[in-house]
Amino acid sequence: MGRKPSGQKAIKFAKKNDFPFLLLGDGFIRSVGFGEDESFSIVKDDIGIYYDATKPSRLEEILKNSDFNKYLDTAKKAIELIKEKKISKYNNGSLVLPEYLKNNDKKVLIIAQTYGDLSLKYGYAETFDTKEIILKAVNDNPDAKIYLKVHPDVIAGKKKSNFDIEFAKKYCEIIDENIHPIVLLEAFQKVYTQTSQMGFEALMLGKEVHIFGAPFYVGWGLENLKWHLDENIKRKILKRRGRKLSVEEIFAGAYILYSHYYNPYKKRKSDIIDTINEIAYQRSKRFYKNTYLAIG
């Protein structure tokens with residue numbers, strides 16, 4: 001729902017009738033496959049929605065005001081499990097890195113999104129020309145090879161890319177395979193993106209991340225994050241946010257306090273640790289059940 005027409009209609013109706021409203025969206029760890037697959041999580045927001053940086057949201061309030069001490073052990077455990085088991089929002093990407101990326105060369109990754117993605121519109125990312133993002137990555141890193149990752153929905157033929165792929169080919173190697181985000185990010189030293197969740201996953205992996213927009217994880221003083229945005233817009237967001245948080249604290253706010261989990265296979269409420277383990281297990285059943293190992 002979020003900022004889709006259905007969400008806007010709900011807000012308008014609620015305000016007209018003096019009712020409360022609740023906007024829903026996919027969680028940050030959603031499913032084994034893509035959108036039609038069984039979902040493990042949703043987010044609920046009675047103020048706005050997390051990807052809309054133009055207004056406050058419940059996630060923003062959580063990150064501004066919560067004491068995260070009692071959640072940090074779980075957050076750290078979950079992050080380590082995400083790295084170990086290779087878990088992201090969708091989890092049907094290849095867990096094997098292509099041979100052409102298996103080297104020690106300096107590599108920079110640009111993460112493309114989909115044309116019309118609402119997080120681009122409401123995250124101020126449309127103030128940037130994606131061609132300029134490519135050129136900045138190239139100019140910033142003259143000693144590195146530049147790669148551009150095409151979004152899985154574009155690879156699947158469901159949506160168009162928000163980047164001009166033909167222009168990108170002049171400067172970048174194009175990654176148009178469905179590689180799992182964590183597996184892919186591990187191979188790179190630096191990441192450039194607009195509002196993608198993969199930007200936060202890269203921060204979880206300790207990478208330097210350049211952001212051209214205002215996703216939920218900017219404005220909290222993260223050291224590895226370089227924030228490229230108009231200074232007036234940046235000041236406006238910092239006035240609402242502005243608290244200094246660690247990656248683990250932002251993770252606790254977004255993935256634990258803001259997200260709600262349900263195990264669709266066991267038909268019961270769940271939590272983040274169970275969700276990570278269940279998705280890893282279901283993925284192994286689905287994709288590797290007919291795999292055999294011969295020795296000798």
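None of these values were measured; they are calculated from a predicted model.
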For [X] and [Y], work out which heavy atoms get closest and say how close.
X	Y	value
Ala137	Ile110	CB-CD1, 3.8 Å
Ile62	Gly253	CG2-CA, 3.9 Å
Ser161	Ala112	OG-CB, 3.9 Å
Ile276	Ala78	CD1-O, 3.6 Å
Leu184	Leu97	CA-CD1, 4.3 Å
Ser259	Ala254	OG-O, 2.7 Å

Basic-acidic side-chain contact under 4.0 Å: [X], [Y]:
X	Y	answer
Glu80	Lys77	no
Arg268	Asp274	yes
Lys145	Asp105	no
Arg241	Glu60	yes

Heavy-atom check, side chain of [X] versus side chain of [Y], under 4.5 Å:
X	Y	value
Gln194	Ile133	yes
Asn92	Phe34	yes
Thr114	Val154	yes
Phe216	Ile250	yes
Val96	Val183	no
Pro215	Phe200	no
Ser57	Ile49	no

Can you confirm whether more than 12 heavy atoms, excluding those of [X], are under 6.0 Å from its [atom1] atom?
X	atom1	answer
Lys70	NZ	no
Lys159	NZ	no
Phe167	CZ	yes
Lys106	NZ	yes
Lys102	NZ	yes
Lys64	NZ	yes

About how many Å separate [atom2] of [Y] and [atom1] of [X], when rounded to the nearest 0.5 Å?
X	Y	atom1	atom2	value
Glu177	Ile179	CD	CD1	4.5 Å
Ser41	Ile279	OG	CD1	7.0 Å
Lys170	Ile165	NZ	CD1	13.0 Å
Asp52	Ile47	CG	CD1	12.0 Å
Ile272	Thr74	CD1	OG1	9.0 Å
Lys149	Leu185	NZ	CG	10.0 Å

Backbone N/O of [Y] and side chain of [X]: donor-acceptor pair under 3.5 Å:
X	Y	result
Lys234	Trp227	yes
Lys83	Met204	yes
Asp45	Arg58	yes
Lys267	Pro264	yes
Ser196	Thr193	no

Stepwise side-chain contact (heavy atoms from CB on, under 4.5 Å) check, Arg286 with Asp37
CA-CA 12 Å; Arg286 185 180 303 186; Asp37 211 353; 2.7 Å; yes

For Lys190 and Glu208, what are the C-alpha separation, side-chain angles and deciding distance, and is it a salt bridge (charged side-chain N to carboxylate O under 4.0 Å, His left out)?
CA-CA 5 Å; Lys190 196 183 290 189; Glu208 180 181 312; 3.6 Å; yes

Which word best sums up how the rings of Phe251 and Tyr255 line up, parallel for under 30°, tilted for 30 to 60°, or perpendicular for over 60°?
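Answer is parallel, since the angle falls under 30°.
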
Could you tell me how the ring of Phe28 sits relative to the ring of Tyr50: parallel (under 30°), tilted (30 to 60°) or perpendicular (over 60°)?
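Ring orientation, 0 to 90° scale: perpendicular.
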
Ignoring hydrogens and geometry beyond distance, is a side-chain donor-acceptor pair present between [X] and [Y] at under 3.5 Å?
X	Y	answer
Gln113	Thr195	yes
Asn141	Tyr192	yes
Tyr51	Asp117	no
Lys107	Asn103	yes
Ser270	Glu278	no

Indicate, with yes or no, if [Y] and [X] share a hydrophobic cluster defined by side-chain heavy-atom contacts under 4.5 Å among Ile, Leu, Val, Met, Phe, Trp and Tyr.
X	Y	result
Leu72	Ile273	yes
Tyr217	Val43	yes
Tyr90	Ile82	no
Tyr262	Tyr258	no
Val218	Tyr124	yes

Full working for side-chain contact (heavy atoms from CB on, under 4.5 Å) between Asn224 and Lys207
CA-CA 7 Å; Asn224 277 8; Lys207 309 297 181 178; over 6 Å; no

Between Glu186 and Lys86, is a salt bridge (charged side-chain N to carboxylate O under 4.0 Å, His left out) present by the stated rule, with each step listed?
CA-CA 10 Å; Glu186 287 173 338; Lys86 316 304 181 192; 2.6 Å; yes

Where do Leu245 and Leu63 land on the side-chain contact (heavy atoms from CB on, under 4.5 Å) test, with the steps shown first?
CA-CA 8 Å; Leu245 297 173; Leu63 292 173; 4.0 Å; yes

Show every side-chain hydrogen bond (donor to acceptor under 3.5 Å, both in side chains) that has at least one partner inside residues 128-139, sequence neighbours left out.
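Matches after skipping sequence neighbours: Lys136-Asp140.
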
Using the side-chain contact (heavy atoms from CB on, under 4.5 Å) rule, take Leu148 and Val150 through it: C-alpha gap first, then chi angles, then the decisive distance, then the call.
CA-CA 6 Å; Leu148 184 134; Val150 179; 4.2 Å; yes

All pairs passing ring pair (Phe, Tyr, Trp, His ring centres under 6.0 Å) where residues 133-156 contributes a residue, at least two apart
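Qualifying pairs, neighbours excluded: Tyr147-Phe188.
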
Name all residues meeting the side-chain hydrogen bond (donor to acceptor under 3.5 Å, both in side chains) criterion together with Lys236; count only those two or more places apart in sequence or in a different chain, and write none if there are none.
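Result, side-chain hydrogen bond (donor to acceptor under 3.5 Å, both in side chains) vs Lys236: none returned.
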
Whether Lys160 engages the ring of Tyr115 as a cation-pi pair (distance to the six-membered ring centre under 6.0 angstrom, angle to the ring normal within 45°) should be assessed.
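Yes, Lys160 and Tyr115 form such a contact.
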
